[in-house]
Amino acid sequence: MQIFNDVQQEIARKIKPESNISNWKDWKWQLKNSVKTIQKFESLTGIRFSEADRRLIDKTLDRFPLSITPYYLSLIDTDNYQNDPVFKQAFADINELTVLKTDMVDPLSEDTDSPVPGITHRYPDRVLFHVSNVCSMYCRHCTRKRKVGDIDSIPGKAQLLDGIEYIKNTPQVRDVLLSGGDPLMLSDSYLDWLLSEITAIPHVEVVRIGTRMPVVLPYRITSSLIDVLKKYQPLWINTHFNHPREITASSKEALAMLANAGFPLGNQSVLLANVNDCPRIMKKLVHKLVQNRVRPYYIYQCDLSEGLSHFRTPVGKGIEIMESLIGHTSGFAVPTYVIDAPGGGGKIPIMPNYIISWSTNKVVLRNYEGIITTYTEPESYESKFCDRNCNECNLELQLDEADEQKGVGIEQLLSDYDEAISLIPDNNERYNRRDNNGG
Ligand SMILES: *Cc1c(COP(=O)(O)O)cnc(C)c1O
């Protein structure tokens, strides 16, 4: 697999006859020549749509714009494009115009859980910081489809400063996740400024970047970018491979540059019908990822965003995939399968069931092979009452502010130090009746 193969050479020459490998590997050239129209797509791939199809695709593009880097386009198998996982992720489908009653504009309530523009603060100790509204390739399955192609593409310094100010004033934020759009659409110098501002905040312990560049525009990973990012360790980088076909010579080179620079790499896949809804494809993908030093992090159930219904699978498909991975392959090759809760509840892990039954001294479990086994629980275990006074605890953890921390949710119910015995929905009629009776 070469970095500039025959297909890529042909595409480059169609774009401009004198184009060569150094143009091809120039990320700005790739961006400038991104495919945004049906006509250009047809002329570069040789694929032809009927007049009727073209009209429908045009209608789709009015709503959700197209953008494909020449590099990602070159991965499409033009002889069998209807079944091609790259084509399906990159090229408009008229089904995107189908909106189900259960679809939502902002299923994860990211705009609702936003204290200042650009920040989503959902979990206690970390925030999502949207630092760009654009991407080099518009994934057709984008969960933020509502924002794709926004005119104010890169937020100005003033908006970013508001986000930075929020993080500064919120001491519980120890992890800042740069997202977008794609943060690596920002220039090296802008990223340099942004990262220097964020990492200067004393309570920020780690920064993460979520980017699809290694997949759709691996040439964005340049040595000058690495020089900038390296200044801000610990920096974690998550990317988004969905299919083993996306792991090419070029993407391997980009991943190697990032791994060699010392960034822990993770991958977030989305489970997509007719793209990767297959245990064998997923197993191949996770194996190729770990070979390239990328830890599979999440598999997402496809969100309820408008226009994604043709991509969704039943949850059972994800469980079937997890069943085929856990135990069957290396633990570090197994991602966590999650549903990002509609309404903004955050990511909820989904697993096959391994606990079959339980008594006071035994747990009955099954393994991946279907063997049923028992684990006998200790008789000698003395449970300790935890009052969060860590200084007197024989586990010897000195945690000064432990007594000020509050248990949240189920953690609170399990704790000794909190008296709550149940969590009751606000609108529970029975409880409301009690309140009204002064009870
Ligand atoms: C996914 C996400 C995070 C990070 O979640 P992790 O499970 O820590 O990776 C943070 N904030 C928001 C709003 C998210 O959607």
Side-chain angles (χ1 to χ4, degrees), residues 104-133 135 139 141-148 155 159-160 162-164 166-184 194-195 198-199 201 203-212 214 234-242 258 263-271 286 289 294-305 308 318 322 332 334-351 408-411:
M104 298 154 102
V105 176
D106 175 18
L108 311 179
S109 300
E110 290 183 322
D111 298 337
T112 327
D113 282 338
S114 175
V116 295
I119 296 262
T120 302
H121 192 174
R122 164 155 312 141
Y123 296 104
D125 69 341
R126 52 208 190 279
V127 292
L128 197 67
F129 193 1
H130 304 262
V131 297
S132 149
N133 295 326
C135 288
C139 302
H141 55 277
C142 182
T143 185
R144 303 198 182 110
K145 247 175 141 61
R146 68 186 186 281
K147 295 190 187 230
V148 171
Q159 182 181 330
L160 293 186
D162 284 347
I164 292 163
Y166 177 80
I167 300 167
K168 270 189 195 152
N169 296 329
T170 317
Q172 63 268 37
V173 175
R174 42 162 290 287
D175 173 6
V176 175
L177 209 172
L178 303 185
S179 182
D182 197 316
L184 297 189
L194 181 65
L195 287 166
I198 295 171
T199 53
I201 302 171
H203 53 265
V204 172
E205 297 170 5
V206 285
V207 177
R208 298 192 247 177
I209 292 180
T211 174
R212 210 176 180 197
L235 181 66
W236 293 59
I237 297 180
N238 265 332
T239 187
H240 174 180
F241 286 92
N242 282 331
L258 292 168
F263 306 114
L265 302 178
N267 186 69
Q268 317 195 142
S269 297
V270 184
L271 182 55
V286 298
L289 287 169
V294 182
R295 169 86 156 87
Y297 182 49
Y298 283 139
I299 295 179
Y300 287 95
Q301 175 67 13
C302 186
D303 285 330
L304 297 178
S305 301
L308 302 188
M322 294 310 291
F332 62 84
V334 180
T336 305
Y337 172 45
V338 293
I339 299 183
D340 216 335
K347 298 171 184 76
I348 300 174
I350 310 289
M351 277 266 244
V408 170
I410 309 300
E411 174 197 33

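Atoms within a ligand are numbered from 1 in the order they appear, just like the ligands themselves. These figures come from a predicted structure and were not determined experimentally. Any value given below was found using the heavy atoms of this structure, including those in side chains, with hydrogens, waters and symmetry copies removed.
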Legend entry - Sub-3.5 Å N/O-N/O distance, T120 and ligand 1: no
Legend entry - For atom 9 (O) of ligand 1, the protein heavy atom that lies nearest, with its residue and separation: Y297 OH, 2.6 Å
Inset, instruction - Give a yes-or-no answer on whether the side chains of N267 and T239 include a donor-acceptor pair shorter than 3.5 Å. - result: no
Inset, instruction - Could you tell me whether a side-chain N or O of D106 sits under 3.5 Å from a main-chain N or O of D111, the two making a donor and an acceptor? - result: yes
Inset, instruction - Under 4.0 Å from a heavy atom of R208: give me the atoms of ligand 1 that qualify, with their elements. - result: 4 (C), 6 (P), 8 (O), 9 (O)
Inset, instruction - Measure the distance from atom 7 (O) of ligand 1 to every protein heavy atom, then report the residue, atom name and distance (to 0.1 Å) of the closest one. - result: Y298 OH, 2.5 Å
Inset, instruction - Return yes or no for this condition: an N or O of D175 is under 3.5 Å from an N or O of ligand 1. - result: no
Legend entry - pair L177-W236: side-chain heavy atoms closer than 4.5 Å: no
Inset, instruction - Do me a favour and list the nearest non-hydrogen protein atom to atom 8 (O) of ligand 1 with residue, atom name and distance? - result: R126 NE, 2.7 Å
Inset, instruction - Determine yes or no for a side-chain-to-main-chain donor-acceptor pair under 3.5 angstrom, with D182 supplying the side chain and L184 the backbone. - result: yes
Inset, instruction - For R122, counting its heavy atoms only, list the atoms of ligand 1 lying under 4.0 Å from any of them. - result: 13 (C), 15 (O)
Legend entry - Geometric N/O contact E110 with ligand 1, under 3.5 angstrom: no
Legend entry - Which of the ligand 1 atoms, numbered from 1, are nearer than 4.0 Å to a heavy atom of L177: 3 (C), 4 (C)
Inset, instruction - Would you check, one step at a time, whether the test side-chain contact (heavy atoms from CB on, under 4.5 Å) holds for L178 with I198? - result: CA-CA 10 Å; L178 303 185; I198 295 171; 3.7 Å; yes
Inset, instruction - Give a yes or no answer on whether the side chain of H130 reaches the backbone of T120 with a donor-acceptor pair at less than 3.5 Å. - result: no
Legend entry - Salt bridge flag under 4.0 Å for residues D113 and R122: yes
Legend entry - Contact (N/O only, under 3.5 Å) between Y123 and ligand 1: no
Inset, instruction - Taking H203 for its side chain and T170 for its backbone only, find out whether a donor-acceptor pair lies under 3.5 Å. - result: yes
Inset, instruction - Can you see which heavy atom on V173 is nearest to which on V176, and at what distance? - result: CG1-CG2, 3.9 Å
Legend entry - Any N/O pair Y300/ligand 1 closer than 3.5 Å: no
Inset, instruction - Measure H121 to ligand 1 on non-hydrogen atoms and call it side chain, backbone, both or neither using the 4.0 Å cut-off. - result: neither
Legend entry - Heavy atom of the protein closest to atom 5 (O) of ligand 1 (residue, atom name, distance): K347 NZ, 3.4 Å
